[in-house]
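In what follows, a structure is listed as structure tokens, so that the remarks can point back to it.
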Amino acid sequence: MVESAAQRYARISTAERPADTRVMMRRAIVLGASMAGLMAARVLSDHADEVLVIERDDSADSALPRPGVPQGTQVHALLPAGQAQLDRWFPGFTAEVVAAGAVDPPPTGVQTFVNGIRRPASPRETLGQALVSTRPFLESQVRRRTLEIGNIKLVHGRADGLDFTGDRVTAVRYHPTGEDGIVTEVADLVVDATGRSSRLSDWLGAAGWPRPALTRMPIKLNYATALFKRDPAVCDVWVSVAQTQPSSGQTARMGGVLAVEDDRWLVLVAGYADDRPSRDVEEFRTRCREDFPPAFGQIADRGELVGEVITYHQADSRRRDYDRLERFPAGLIVAGDAVASFNPIYGQGMTSATLHASCLSAYLRSGPSLDEPAREYFEQVRVVVDAAWQVSTFADLELPHVNGPFPRGYRLVKWFSDLIFQAAAHDNRLNDQFNRVTTMLDHPTALARPLTLLRALRRTYLPVG
Ligand SMILES: Cc1cc2nc3c(=O)[nH]c(=O)nc-3n(C[C@H](O)[C@H](O)[C@H](O)COP(=O)(O)OP(=O)(O)OC[C@H]3O[C@@H](n4cnc5c(N)ncnc54)[C@H](O)[C@@H]3O)c2cc1C
């Protein structure tokens with residue numbers, strides 16, 4: 001029987017630890033030591049004698065923002081599916097990072113608002129746990145656990161290209177930091193995890209291989225984030241997320257308050273296109289007070305600002321469909337934002353990186369020939385990318401400045417999604433199902449089951465009884 005996308009997604013996102021791993025290569029090389037690269041290295045450590053990670057950013061040893069991940073200054077929420085994967089690959093991870101300072105918000109301290117109306121929360125039994133911290137802190141914890149593994153080594157330098165022999169990748173060329181010249185390192189398998197600006201397409205093109213198609217959705221997202229000292233006398237909220245949608249007649253905006261490590265709140269205000277929050281503190285305070293629920297204004301007006309307001313612009317959501325290439329070299333994997341990067345307001349990027357690592361594990365455990373292209377890996381990654389892309393781009397197609405690309409069946413799927421979203425406000429079961437999809441625990445088709453649709457129709461058109 002052919003496995004459905006939802007079944008595949010469930011298999012990839014299992015929290016069970018794999019028991020059937022075996023070493024099948026001498027050396028794997030991972031380019032980039034951020035979320036995707038570290039997770040890939042963890043998985044590869046089960047299958048290679050040695051894993052070499054090459055990271056260009058030599059400040060990537062701390063828990064502070066760093067140039068290689070400039071978005072790290074901004075609010076980063078890890079979705080429950082990502083938290084579960086971190087525990088899968090690093091047993092005890094959640095307990096350890098709580099002990100190190102990550103915040104485990106009480107369910108009563110978490111609020112979500114859409115168009116000014118508070119949405120019902122789902123219980124922890126349904127969604128699992130999701131800790132809150134700054135992005136550099138979380139990455140530092142993942143890095144610590146990864147580098148504790150004996151056969152993983154991190155070196156600093158800028159990857160500059162691949163060597164191909166016949167139909168496979170056989171080595172990586174890189175400039176070691178602080179040294180002249182280029183070093184060549186041979187590998188049985190190379191993972192590109194260099195993020196959304198990955199140069200892999202150029203490297204492939206220069207070596208005569210086809211480049212993957214690049215699909216872009218021009219979201220033109222503008223973020224501004226500031227840190228405040230956390231003080232319960234100012235406000236007792238731990239997490240507050242608020243969004244206004246154009247369908248409500250309001251300007252599309254998004255904001256977030258997150259209680260993070262070291263007794264701070266990270267506060268975000270975001271807009272689209274010409275609606276650009278600036279670095280001006282007074283403007284930041286005004287936006288918090290006027291555009292978002294009371295907690296935002298209370299913190300911005302009465303809380304103590306730590307540092308400055310920092311802005312960030314992301315032009316597009318983008319994906320590269322490696323699985324569609326007719327020719328692709330063996331010995332090469334692509335993971336994380338290098339494959340697809342989404343509108344960050346949906347918080348899918350880091351969780352996707354953890355799921356790509358699980359795709360890599362499933363692929364390697366299936367006993368593939370490393371002399372063939374890793375097609376099975378890319379097919380699994382496609383399921384994860386499609387799921388995240390559907391959730392984020394369907395919502396973004398509503399933005400006035402976004403003019404596509406529209407997928408087939410958009411209007412019908414949008415009608416059903418809106419129906420379920422409205423009905424979920426009054427129906428706990430639908431709300432839980434909806435939240436499990438938006439937190440990446442379930443595949444979006446979980447909402448297209450006939451019984452779910454019927455329930456949403458009944459709730460909407462026969463609300464009594
Ligand atoms: C404003 C903003 C907010 C976000 N908020 C969230 C959120 O709330 N939740 C969430 O899950 N995701 C969020 N994301 C997305 C998240 O940041 C990314 O999905 C995630 O960082 C992807 O990890 P990655 O390892 O694929 O790439 P990156 O984190 O971009 O890392 C790439 C790494 O490769 C290194 N590198 C690059 N080129 C080379 C080279 N030539 N040689 C060696 N090393 C190289 C870089 O230094 C870096 O370490 C947000 C993104 C943005 C822009």
Side-chain angles (χ1 to χ4, degrees), residues 29-41 52-61 65-83 85-86 130 132-136 138-139 142-143 146 154-162 172-177 190-200 202-203 219 221-225 239 241 254 256 258 260 266 268-270 277 310-318 320 334-357 381 385 388 392 439-440:
I29 296 185
V30 179
L31 310 180
S34 179
M35 295 303 285
L38 294 168
M39 294 305 296
L52 181 67
V53 184
I54 302 175
E55 166 58 50
R56 78 175 165 192
D57 193 350
D58 57 2
S59 61
D61 295 331
R66 60 188 180 91
V69 181
Q71 73 272 31
T73 52
Q74 304 295 319
V75 159
H76 267 66
L78 180 68
L79 300 179
Q83 191 78 46
Q85 288 302 305
L86 288 176
V132 197
S133 70
T134 61
R135 157 66 194 253
L138 179 66
E139 189 186 301
V142 175
R143 188 187 317 121
T146 305
L154 173 71
V155 293
H156 291 299
R158 194 185 76 236
D160 205 35
L162 303 175
V172 167
R173 276 172 280 124
Y174 82 104
H175 290 274
T177 304
V190 173
V191 178
D192 173 28
T194 55
R196 52 186 261 131
S197 311
S198 160
R199 291 168 54 214
L200 180 61
D202 293 341
W203 296 346
I219 54 169
L221 177 70
N222 310 307
Y223 261 37
T225 291
V239 175
V241 178
M254 203 270 175
L258 262 64
V260 296
L266 199 51
L268 159 75
V269 297
I310 303 178
T311 54
Y312 195 92
H313 175 74
Q314 182 168 315
D316 56 28
S317 294
R318 58 172 72 166
R320 297 177 173 100
V334 194
D337 277 18
V339 181
S341 115
F342 314 94
N343 181 340
I345 73 162
Y346 307 103
Q348 300 165 318
M350 298 189 297
T351 296
S352 293
T354 66
L355 291 171
H356 294 180
V381 162
V385 171
S392 65
T439 55
M440 294 184 79

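Just so you know, ligand 1 is whichever comes first in the structure, and atom 1 is the first atom listed for that ligand. All heavy atoms count here, side chains included; hydrogens, waters and symmetry mates do not.
Shortest non-hydrogen contact noted between Ser352 and Met440 is OG-CE, 3.5 Å. Closest non-hydrogen pair, Asp192 versus Ala338, comes out as OD2-CB, 3.8 Å.
For ligand 1, the polar-atom distance check finds no N/O of Val69 at less than 3.5 Å from any of the ligand's N/O atoms. The shortest N or O to N or O distance between Gly336 and ligand 1 is not below 3.5 Å. Considering both main-chain and side-chain atoms, Ala335 never comes within under 3.5 Å of ligand 1 through any nitrogen or oxygen pair. Ligand 1 has a nitrogen or oxygen under 3.5 angstrom from a nitrogen or oxygen of Ser34. Between Ala159 and ligand 1, at least one pair of N/O atoms sits closer than 3.5 Å. When only interatomic distances are considered, the shortest N/O to N/O separation between Gln71 and ligand 1 falls below 3.5 Å. Not one N or O of Ala338 is nearer than 3.5 Å to an N or O of ligand 1, by distance alone.
Atom numbering of ligand 1 starts at 1 in the shown order; those under 4.0 Å from a heavy atom of Pro344 are 2 (C), 3 (C), 4 (C), 5 (N), 50 (C), 51 (C), 52 (C). Contact atoms of ligand 1 toward Gly68: 46 (C), 47 (O), 48 (C) (distance under 4.0 Å to a heavy atom of the residue). In summary, the atoms of ligand 1 found under 4.0 Å from a heavy atom of Gly195, numbered by their order in the structure, are 27 (O), 30 (O), 32 (C). Near Gly349, meaning under 4.0 Å from any of its heavy atoms, are these atoms of ligand 1: 10 (C), 11 (O), 12 (N), 19 (O). Residue Tyr223 has at least one heavy-atom neighbour below 4.0 Å for each of these atoms of ligand 1: 1 (C), 3 (C). Contact atoms of ligand 1 toward Ala36: 24 (P), 25 (O), 26 (O) (distance under 4.0 Å to a heavy atom of the residue). Taking a cut-off of under 4.0 Å to the non-hydrogen atoms of Gly347, the atoms of ligand 1 that pass are 7 (C), 8 (O), 9 (N), 10 (C), 11 (O). Each of the atoms 32 (C), 33 (C), 34 (O) of ligand 1 lies under 4.0 Å from some heavy atom of Ala193.
Residue Arg66 places a heavy atom under 4.0 Å from ligand 1. Residue Ala77 places a heavy atom under 4.0 Å from ligand 1. The closest approach between any non-hydrogen atom of Gly157 and ligand 1 is below 4.0 Å. At a 4.0 Å cut-off, not a single heavy atom of Leu78 sits close enough to ligand 1 to count as contact. Judged by the shortest distance from any of its heavy atoms, Ile54 lies inside the 4.0 Å radius around the atoms of ligand 1. Ligand 1 lies out of reach of Ala353, whose nearest heavy atom is not under 4.0 Å from it.
Residues Glu55 and Arg66 are paired through a salt bridge, judged by an N-O separation under 4.0 Å between the basic side chain and the carboxylate.
Between Ser341 and the choices Gln71, Arg196, Gln348, the side chain to side chain donor-acceptor pair (under 3.5 Å) rule is met once, by Arg196.
With sequence neighbours excluded, no residue forms a salt bridge (Lys or Arg N to Asp or Glu O under 4.0 Å) with Arg56. Partners of Asp202 under the salt bridge (Lys or Arg N to Asp or Glu O under 4.0 Å) rule, at least two apart in sequence or in another chain, are Arg211.
The closest non-hydrogen atom to atom 37 (C) of ligand 1, taken over Gln314, Arg56, Glu55, comes from Arg56. Taking only non-hydrogen atoms, the option from Arg135, Met440, His76 nearest to atom 20 (C) of ligand 1 is Arg135.
Atoms CG and CZ, on Leu31 and Arg158 in that order, are 12.5 Å from each other to the nearest 0.5 Å. In this structure, CD1 on Ile310 lies 12.5 Å from CG on Leu268, to the nearest 0.5 angstrom. A distance of 11.5 Å separates OH of Tyr312 from OG1 of Thr225, quoted to the nearest 0.5 Å.
When atom types are taken as modelled, the side chain of Ser317 and the backbone of Asn343 share a donor-acceptor pair closer than 3.5 angstrom.
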TODO: Applying side chain to side chain contact (heavy atoms under 4.5 Å, CB included), run through Leu79 and Tyr346 and close with a yes or a no.
DONE: CA-CA 9 Å; Leu79 300 179; Tyr346 307 103; over 6 Å; no
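Only the backbone of Val75 comes within contact range of ligand 1, with a heavy atom under 4.0 Å; no side-chain atom does.
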